[in-house]
2 protein chains.
Amino acid sequence: MKSNQAENNLPEPTKAELEILQVLWEFGPSTVRFVNDKLNELREVNYTSTLKQMQILAEKGILKRDESQMKHIYIPVEAEEKTKDQLLNRFVNTLYKGSASKLMMQLLGNEKTSKKEIEEIKRLLDSME
Amino acid sequence: MKSNQAENNLPEPTKAELEILQVLWEFGPSTVRFVNDKLNELREVNYTSTLKQMQILAEKGILKRDESQMKHIYIPVEAEEKTKDQLLNRFVNTLYKGSASKLMMQLLGNEKTSKKEIEEIKRLLDSME
DNA sequence: TGTATCGTACGAAATTTGTCGTACCTTTAA
DNA sequence: TTAAAGGTACGACAAATTTCGTACGATACA
């Protein structure tokens, strides 16, 4: 049985794990209680479920934690940018054989991408050089 | 227990399902045997595993099949573009709160995105209006 | 016509992912 | 000094996904 981590060393965050990461990215290092409360604004989750997920994330090395207090504080090991980069790479590789411009075309042809967004992108590119 | 298909009506293709779709997109309508051979160029999979997956895909309505011959021919129901669009939307929504331009920035800042790709993208945008 | 080959059907095991119950420790405050 | 509140640890269960074994029908051809 082969691993499917062809080009990445980091284990891939699962969907539930991503949810947690997003809270930490948005609000910074947090306790399980805080994260769980945030998640429960969207859907019902048991406190211990969130706890378990965060412990798993810590085991995997995706989060680290400060145990100096009883209320452990969890912190993403990698910066938001870096993790998203990896996910994006994986996505481009999987669906577009690694071609960023192909993805772009898809994005631009996508009706859900607004004119405003497209303008924004153009401005971005012009200001790059 | 809630479904997680917030904004999509189509069931989300899983990882193994995507592999199969990619073969069909690349080579057109195919038999299980053909798809399985292709998959085995990458990793070891049992014929009946692939068969089962493709049957499940057919059940879900992602593939349809021509049963007029003994060797059933499987065909994606939706065009490649459309399916990828949905996946892309989901991806942008999940990671970039729906902002295509944020995704772009990430893509452009990504070292794996070559200068050539960036040029390609610019040309694309210029020719758009 | 029988046997080897190649196909589908399908239940069930294996794996991965997600959820939760329960035990138990620490802090707080009456 | 004890009861309540709130924390972590962790095994077990549940659900979703993936893989496979076995049964059995079609076809080919010696």
Side-chain angles (χ1 to χ4, degrees), chain A residues 1-5 8 10-23 29-40 42-75 87 90 94, chain B residues 1-6 8 10-23 29-75 87 90 94:
Chain A
M1 213 121 316
K2 267 187 197 169
S3 155
N4 60 8
Q5 299 172 213
N8 266 300
L10 277 198
E12 131 181 50
T14 66
K15 215 180 299 183
E17 288 172 355
L18 252 187
E19 275 188 328
I20 290 170
L21 276 175
Q22 311 222 18
V23 173
S30 311
T31 63
V32 174
R33 175 63 61 196
F34 180 84
V35 172
N36 185 246
D37 286 348
K38 284 298 167 190
L39 293 186
N40 274 278
L42 304 173
R43 65 192 182 89
E44 198 175 329
V45 211
N46 192 299
Y47 173 87
T48 56
S49 301
T50 303
L51 171 62
K52 181 72 166 198
Q53 286 293 346
M54 292 177 75
Q55 286 171 340
I56 290 173
L57 278 163
E59 267 176 35
K60 288 193 188 176
I62 294 176
L63 299 182
K64 65 188 173 204
R65 64 180 177 185
D66 174 356
E67 307 182 4
S68 64
Q69 310 297 328
M70 183 173 90
K71 303 184 183 184
H72 297 176
I73 304 290
Y74 287 77
I75 306 152
L87 293 172
R90 208 174 294 151
T94 302
Chain B
M1 212 120 314
K2 267 189 198 169
S3 154
N4 60 9
Q5 299 170 214
N8 265 302
L10 277 197
E12 130 179 51
T14 66
K15 215 181 299 182
E17 288 173 353
L18 250 189
E19 276 188 329
I20 290 170
L21 276 175
Q22 312 223 21
V23 173
S30 311
T31 63
V32 174
R33 175 64 59 195
F34 180 84
V35 172
N36 185 245
D37 285 348
K38 284 297 167 192
L39 294 186
N40 273 280
E41 288 173 10
L42 302 173
R43 64 190 182 91
E44 198 177 328
V45 211
N46 192 299
Y47 173 87
T48 56
S49 300
T50 304
L51 171 63
K52 181 71 166 198
Q53 286 295 346
M54 293 176 74
Q55 287 170 340
I56 291 173
L57 278 163
E59 266 176 36
K60 286 195 190 175
I62 293 177
L63 299 184
K64 65 189 171 202
R65 65 180 176 184
D66 174 355
E67 306 182 7
S68 65
Q69 309 296 327
M70 182 172 91
K71 301 185 184 185
H72 297 175
I73 304 289
Y74 288 77
I75 306 152
L87 293 172
R90 209 174 293 149
T94 303

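Remember, predicted model here, so these are calculated numbers, not experimental data. Here is how names work: the chains are called A, B, and so on, in the same order as the sequence lines, proteins then strands, and each is numbered from 1.
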Item checked: Pair listing, ring-ring contact (aromatic ring centres under 6.0 Å, His included) test, anchored in residues 48-73 of chain B, at least two apart -> none

Next item on the list: State the syn/anti category of C:dA4 according to its glycosidic angle, syn meaning within 90° of 0.
Entry: anti

Notebook entry, point to check: What is the minimum heavy-atom distance between A:L21 and A:L63, and which atoms define it?
Noted result: CD2-CD2, 3.8 Å

Note to self: Could you check whether any side-chain N or O of A:Q53 sits under 3.5 Å from a backbone N or O of A:E19, counting only pairs where one atom can act as donor and the other as acceptor?
What the structure shows: no

Next item on the list: Using the test side chain to side chain contact (heavy atoms under 4.5 Å, CB included), find all partners of A:K38 that sit at least two apart in sequence or belong to another chain.
Entry: A:V23, A:F27, A:F34, A:E41

Notebook entry, point to check: Taking CD1 from A:I20 and C1' from C:dT19, how many angstroms apart are they, rounded to a whole number?
Noted result: 12 Å

Checklist line | D:dA3 - base-pair partner by Watson-Crick or wobble geometry, distances under 3.5 Å | finding: C:dT28

Margin query: Please tell me if A:T14 has a side-chain N or O lying less than 4.0 Å from either OP1 or OP2 of C:dG18.
Written below: yes

Check: So, is A:S49 close to the C:dG18 phosphate, meaning a side-chain N or O under 4.0 Å from OP1 or OP2?
Finding: no

Item checked: C:dT5 - base-pair partner by Watson-Crick or wobble geometry, distances under 3.5 Å -> none

N/O-N/O pairs, protein side and nucleotides 5-10 of chain D side, under 3.5 Å:
{"unit_1": "D:dG7", "atom_1": "OP2", "unit_2": "A:R33", "atom_2": "NE", "d": "2.7"}
{"unit_1": "D:dG7", "atom_1": "OP2", "unit_2": "A:R33", "atom_2": "NH2", "d": "2.5"}
{"unit_1": "D:dT8", "atom_1": "OP1", "unit_2": "A:H72", "atom_2": "N", "d": "3.4"}
{"unit_1": "D:dT8", "atom_1": "OP2", "unit_2": "A:Y47", "atom_2": "OH", "d": "2.1"}
{"unit_1": "D:dA9", "atom_1": "OP1", "unit_2": "A:R65", "atom_2": "NH2", "d": "3.3"}
{"unit_1": "D:dA9", "atom_1": "OP2", "unit_2": "A:Q55", "atom_2": "NE2", "d": "2.7"}
{"unit_1": "D:dA9", "atom_1": "OP2", "unit_2": "A:R65", "atom_2": "NH1", "d": "3.1"}

Item checked: A:L39 CG to C:dT19 P, straight-line distance once rounded to whole Å -> 9 Å

Next item on the list: Grab the CG-C1' distance between B:L57 and D:dT18 for me, whole Å please.
Entry: 12 Å

Next item on the list: Would you kindly give the CD-to-C1' distance between A:Q53 and D:dG11, to the nearest whole Å?
Entry: 15 Å

Next item on the list: Please state how far atom CD in B:E12 lies from atom P in D:dT17, giving the value in whole angstrom units.
Entry: 7 Å

Notebook entry, point to check: Just by distance, do the side chain of B:E17 and the backbone of B:T14 share a donor-acceptor pair under 3.5 Å?
Noted result: yes

Margin query: Rounding to an integer number of Å, can you tell me how far A:N46 CG sits from C:dG21 C1'?
Written below: 8 Å

Note to self: Within the 4.5 Å heavy-atom criterion, are B:Q55 and B:Y74 side-chain neighbours or not?
What the structure shows: yes

Margin query: I need the CD-P distance between B:E17 and D:dT19, as an integer number of Å.
Written below: 11 Å

Notebook entry, point to check: Between B:N40 (side chain) and B:N36 (backbone), is there a donor-acceptor pair under 3.5 Å?
Noted result: yes

Note to self: Can you measure B:N36 atom CG to D:dT18 atom P for me and round it to whole angstrom units?
What the structure shows: 16 Å

